[in-house]
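The structure appears right after this line, and notes come after that.
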Amino acid sequence: MADLKSAFLNVYSQLKSELLQDPSFEFTDDSRQWVERMLDYNVPGGKLNRGLSVIDSYRLLKDGKELTQDEIFLTSALGWCIEWLQAYFLVLDDIMDSSHTRRGQPCWFRLPNVGMIAVNDGVILRNHITRILKNHFRGKPYYVDLLDLFNEVEFQTASGQMIDLITTLEGEKDLSKYSLQQHRRIVQYKTAYYSFYLPVACALVMAGENLDNHINVKNILVDMGIYFQVQDDYLDCFGNPETIGKKAHIICFNESVTQALCKCQIGTDIEDFKCSWLVVKALEICNEEQKKVLYENYGKPDPANVAKVKALYNELNLKGVFEDYESKSYERLVTSIEAHPSKPVQAVLKSFLGKIYKRQK
């Protein structure tokens with residue numbers, strides 16, 4: 001696997017080099033340096049799970065047979081297209097959320113001399129995907145299927161982001177909008193399609209499969225993506241600060257602030273009025289008095305308000321509620337996966353589930 005990751009990173013260097021020499025644009029030294037810096041800052045810095053999953057999924061679909069150098073390159077290129085898509089989403093998402101850090105460093109738009117140029121950089125990142133697909137897949141019989149797939153998933157993700165944003169409009173905070181159904185809708189479109197379905201769909205397309213014949217695979221992966229996001233929402237509040245590596249940032253408070261926050265904040269879902277699984281679950285099981293606490297404190301940046309929400313989460317034993325949800329979700333997913341007639345497809349789905357079950361970061 002280490003060799004595979006090394007090969008994957010080498011493909012990034014090749015793709016970047018091609019993009020910096022794209023004949024459709026006459027680069028100056030300044031513009032080439034800008035794009036190279038922007039790519040290196042935003043594309044390869046994450047865990048690369050989505051991209052590597054394309055190679056892993058394709059290998060499992062081939063029943064474990066050793067991949068040719070061409071297959072390794074092409075699956076890597078598709079994996080990097082997903083990482084480029086992720087970078088595009090994150091660069092723009094950070095601007096919309098006024099975030100400060102991403103992957104342990106300042107958000108791209110926060111850097112000196114970048115600012116709102118980052119909006120255009122996001123557009124460039126998205127356009128790079130079609131350049132990569134054109135350069136390496138135009139002669140393949142499944143080229144149009146790949147274009148359709150990326151366009152479809154981008155639309156779904158952008159639409160999920162839109163639902164999320166309009167649900168948390170500044171000045172219009174209304175917890176009555178929040179429900180498990182609304183949370184599922186946001187997560188399904190904003191996260192599950194591009195993070196879980198897209199890597200496997202890329203592998204299936206490259207293996208010559210018709211995606212219309214794999215609707216049940218899509219449904220399982222979407223359910224897995226929702227389970228993953230519920231974990232993320234849980235870890236945002238209850239995770240270990242030393243293992244959480246998301247865009248949430250550490251904020252130190254003075255000594256007088258209640259210890260309920262442990263003087264450091266793992267995530268900011270409470271302050272940001274996010275439609276988190278924790279808050280919708282709390283709304284579902286709390287009594288009227290507890291609901292009043294949520295309405296009065298959720299979505300406010302003051303540490304004292306955040307502490308009251310977290311205290312209520314503990315009072316409602318949301319840790320226990322989550323553990324029960326996790327156990328039942330895992331059992332349901334395993335049952336669905338084992339009902340699939342194809343052993344190689346089962347192996348792909350079990351590989352995904354194994355990577356996220358009971359994760360701590």
Side-chain angles (χ1 to χ4, degrees), residues 97-101 164-165 167-187 190-191 226-330 356 358-361:
D97 288 349
S98 296
S99 299
H100 289 270
T101 60
D164 193 17
L165 290 168
T167 305
T168 57
L169 280 173
E170 192 64 38
E172 297 182 26
K173 294 177 178 177
D174 181 6
L175 278 178
S176 67
K177 294 180 182 178
Y178 287 0
S179 64
L180 284 173
Q181 182 183 17
Q182 180 75 336
H183 178 266
R184 180 185 174 90
R185 187 182 295 114
I186 291 170
V187 172
K190 183 178 175 179
T191 302
I226 291 164
Y227 162 56
F228 176 87
Q229 186 59 50
V230 171
Q231 286 178 314
D232 220 43
D233 291 350
Y234 173 81
L235 292 170
D236 182 272
C237 182
F238 293 112
N240 184 337
E242 294 181 6
T243 57
I244 300 294
K246 52 187 288 186
K247 72 176 180 180
H249 50 285
I250 301 300
I251 304 175
C252 292
F253 303 111
N254 62 45
E255 293 297 325
S256 65
V257 174
T258 176
Q259 290 184 345
L261 285 175
C262 301
K263 298 205 303 180
C264 72
Q265 192 169 330
I266 302 164
T268 59
D269 283 359
I270 294 172
E271 296 92 318
D272 295 341
F273 199 72
K274 287 294 183 183
C275 186
S276 159
W277 182 83
L278 291 174
V279 76
V280 297
K281 202 66 190 172
L283 286 166
E284 185 182 71
I285 63 178
C286 69
N287 60 35
E288 287 304 313
E289 189 177 331
Q290 292 166 328
K291 187 178 289 186
K292 187 179 177 184
V293 172
L294 277 178
Y295 271 77
E296 289 177 352
N297 294 282
Y298 198 76
K300 294 181 179 175
D302 191 306
N305 295 110
V306 176
K308 288 177 183 176
V309 174
K310 289 193 174 186
L312 179 59
Y313 285 174
N314 286 322
E315 187 180 321
L316 294 169
N317 187 30
L318 287 190
K319 283 187 178 183
V321 174
F322 168 76
E323 287 167 5
D324 182 60
Y325 165 86
E326 183 168 53
S327 175
K328 289 177 179 175
S329 295
Y330 181 76
I356 65 171
K358 287 192 178 293
R359 69 189 177 95
Q360 298 301 312
K361 61 179 180 177

Once ring pair (Phe, Tyr, Trp, His ring centres under 6.0 Å) is applied, what residue pairs with a partner in residues 283-323 remain, sequence neighbours excluded?
Tyr234-Phe322, Phe273-Tyr298
Which atom pair, heavy atoms only, marks the closest approach of Cys286 to Leu294?
SG-CD1, 4.5 Å
Is the shortest heavy-atom distance from the side chain of Leu278 to the side chain of Val309 under 4.5 Å?
no
Is there side-chain contact between Val187 and Trp277, with heavy atoms separated by less than 4.5 Å?
no
Side-chain heavy atoms of Cys237 within contact of Asp269, under 4.5 Å:
no
Side-chain heavy-atom pair Lys274, Asp164 within 4.5 angstrom cut-off:
yes
Restricting to side chain to side chain contact (heavy atoms under 4.5 Å, CB included), what partner residues turn up for Asp174, sequence neighbours left out?
Ser176, Lys177
Between Leu316 and Val321, is any pair of side-chain heavy atoms under 4.5 Å apart?
no
Rounded distance (nearest 0.5 Å) linking atom OH of Tyr227 with atom CD1 of Ile356
5.5 Å
To the closest 0.5 Å, what do you measure between CD (Gln231) and CG (Asp233)?
10.0 Å
Rounded to the nearest 0.5 Å, the SG atom of Cys275 sits from the CG atom of Leu283 at a distance of 9.0 Å
Using only atom types and a distance under 3.5 Å, with no angle test, would you say the side chain of Gln229 pairs donor to acceptor with the backbone of Ile226?
no
Going by heavy atoms in the side chains, are Ile186 and Thr167 under 4.5 Å from each other?
yes
Less than 4.0 Å between a side-chain N and a carboxylate O, is that true for Glu289 and Lys292?
no
Tell me the closest heavy-atom pair linking Val293 and Lys308, and the distance in Å.
CG1-O, 4.3 Å
Look at the side chain of Glu284 and the backbone N and O of Leu180, then say whether any donor-acceptor pair between them is shorter than 3.5 Å.
no
CG of Asn297 to NZ of Lys300: how many Å apart, nearest 0.5 Å?
6.0 Å
Can you tell me if Arg185 and Gln182 form a side-chain donor-acceptor pair at under 3.5 Å?
yes
We want to know whether Tyr330 and Glu326 form a side-chain donor-acceptor pair, criterion being a heavy-atom distance below 3.5 angstrom.
no
With heavy-atom distances below 4.5 Å as the criterion, would you say the side chains of Val230 and His183 are in contact?
yes
